[in-house]
Each structure stands twice: as structure tokens, then as C-alpha cells.
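Counting convention: from 1, in listed order, for ligands and their atoms alike. Worth knowing before you read on, the calculation uses all heavy atoms, side chains too, and leaves out hydrogens, waters and symmetry mates.
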Amino acid sequence: MERTLAIIKPDGVAKALAGEIILRIEKAGLKITGLKMVQLNKKSAEGFYAVHIKRPFFESLTGFMSEGPVIAMVLEADNAISKWRTLMGATNYKDAEEGTIRRDFATDIERNVVHGSDAEDTADFEINYFFNAFELCA
Ligand code: UDP
Ligand code: MG
């Protein structure tokens, strides 16, 4: 079983898309083993996206990610990382496949509604960034 971190970003929470997104996750057979709503501050958003520190969009992205509450989830399945990224769609919603979350709901390359880990090592880092062992269920 593989694990991944999913986040409903501040735009997704603000637009009341949490129910729709969780429905798609459960229908796809991804098991939710952790879930919480939190608001990142600028520093904690910067720590989460440290891998992007040199990118031109870093300041704007970390401002956006700390503008309102997010919903973080740990998803578990065989190939959870790629399954969740397939449901999300491409980073730029204009390139995303029909029926994906980003294609259906994103309004901007930055404000693209959801996050997903991109590999096993980043998934471990990201899950531990949001959750401690007691907050995860079997
Ligand atoms: N992003 C952006 N401009 C870009 C690329 C990315 O604003 O040109 C934002 C977008 O919100 C994206 C996040 O930065 O989801 C992280 O970028 P990454 O390349 O890791 O995309 P993801 O893994 O989220 O698809
Ligand atoms: Mg990424």
C-alpha cells in the first residue's frame, strides 16, 4: 500500500468544494486514513513548499496557501500517488484532462484547488509535515 498527501487548497475550501472532492477520492478507491482542516501561516507554507524556493511563483504561492484554511488528507491505495495525481489533473488546468478536479474547478495556474505528492519520498515528508502518528488510522 502506498500513501500520499492530498490538500484541498484555500480556493477549494472557500468555494465549498470539499464534499465534491472527497466524493471523487472515495469513488476512486483511495482510502482516507488522516484528515484535518488547518490554516498555514506564511512560514509554514514556505516550509511545505521549500522545494520551490527558487521558483518565481514561490512568494505568490506561499501567500495563496496561507490565505485561508486548507483540508489535508492522507490517502492510501496501491499506486495512491499516481491515482490521486490522475484525479487532480495537470498543474495548469488548461492542460488538464476533462473530468479532472483542476479542469473542472481551477481558475488559474496557481489557484488550482488541490495538491498531491509527486513521489514516495516527498509523500513521506509532506505527510509528516501535517500529521503525527496518532492522527493516522489504519
Ligand atoms: N504554480 C504556479 N505557477 C507555476 C507552477 C506552479 O503558481 O508556473 C503553483 C501551483 O499552485 C502548483 C504549485 O505551485 O500546484 C506547485 O507546483 P508544482 O510544479 O509542484 O505542481 P503540482 O505538483 O501541484 O502539480
Ligand atoms: Mg508538486
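In this structure, the side chains of D78 and M1 come closer than 4.5 Å at one or more pairs of heavy atoms. Using a 4.5 Å heavy-atom threshold, the side chains of R55 and L61 count as separate.
Among protein heavy atoms, the minimum distance from atom 10 (C) of ligand 1 is reached at I109 O, 3.4 Å. At the shortest separation from atom 5 (C) of ligand 1 among protein heavy atoms lies F57 CE2, 3.4 Å. Among protein heavy atoms, the minimum distance from atom 25 (O) of ligand 1 is reached at T91 OG1, 2.6 Å. Scanning the protein for heavy atoms near atom 17 (O) of ligand 1, the closest one is H52 NE2, 3.5 Å. Nearest protein heavy-atom contact of atom 11 (O) of ligand 1 is E110 O, 2.8 Å.
Other residues, nucleotides and ligands contribute at most 12 non-hydrogen atoms within 6.0 Å of the NZ atom of K94.
Under the 4.0 angstrom criterion for non-hydrogen atoms, R85 is in contact with ligand 1. At least one heavy atom of K9 sits under 4.0 Å from some atom of ligand 1. Residue contacts with ligand 1 do not include D118, since none of its heavy atoms lies under 4.0 Å from the ligand.
Using modelled atom types, one side-chain atom of T122 and one backbone atom of A119 make a donor-acceptor pair closer than 3.5 Å. Under the 3.5 Å distance criterion, the side-chain polar atoms of N112 are left unmatched by any main-chain donor or acceptor of A106. Judged purely by atom type and a 3.5 angstrom limit, T62 has no side-chain atom pairing as donor or acceptor with the backbone of K42. Within the 3.5 Å criterion, the main-chain N or O of G116 finds a donor-acceptor partner in the side chain of R85.
The heavy atom nearest to atom 13 (C) of ligand 1, out of those in V113, I7, L61, D11, is found in L61. The option with the heavy atom closest to atom 12 (C) of ligand 1, from among N112, N92, V51, is N112. Of the listed options M88, R102, H115, R102 places a heavy atom closest to atom 24 (O) of ligand 1.
Because its NZ or CZ atom is both nearer than 6.0 Å to the ring centre of F131 and within 45° of the ring axis, K36 counts as a cation-pi partner of that residue.
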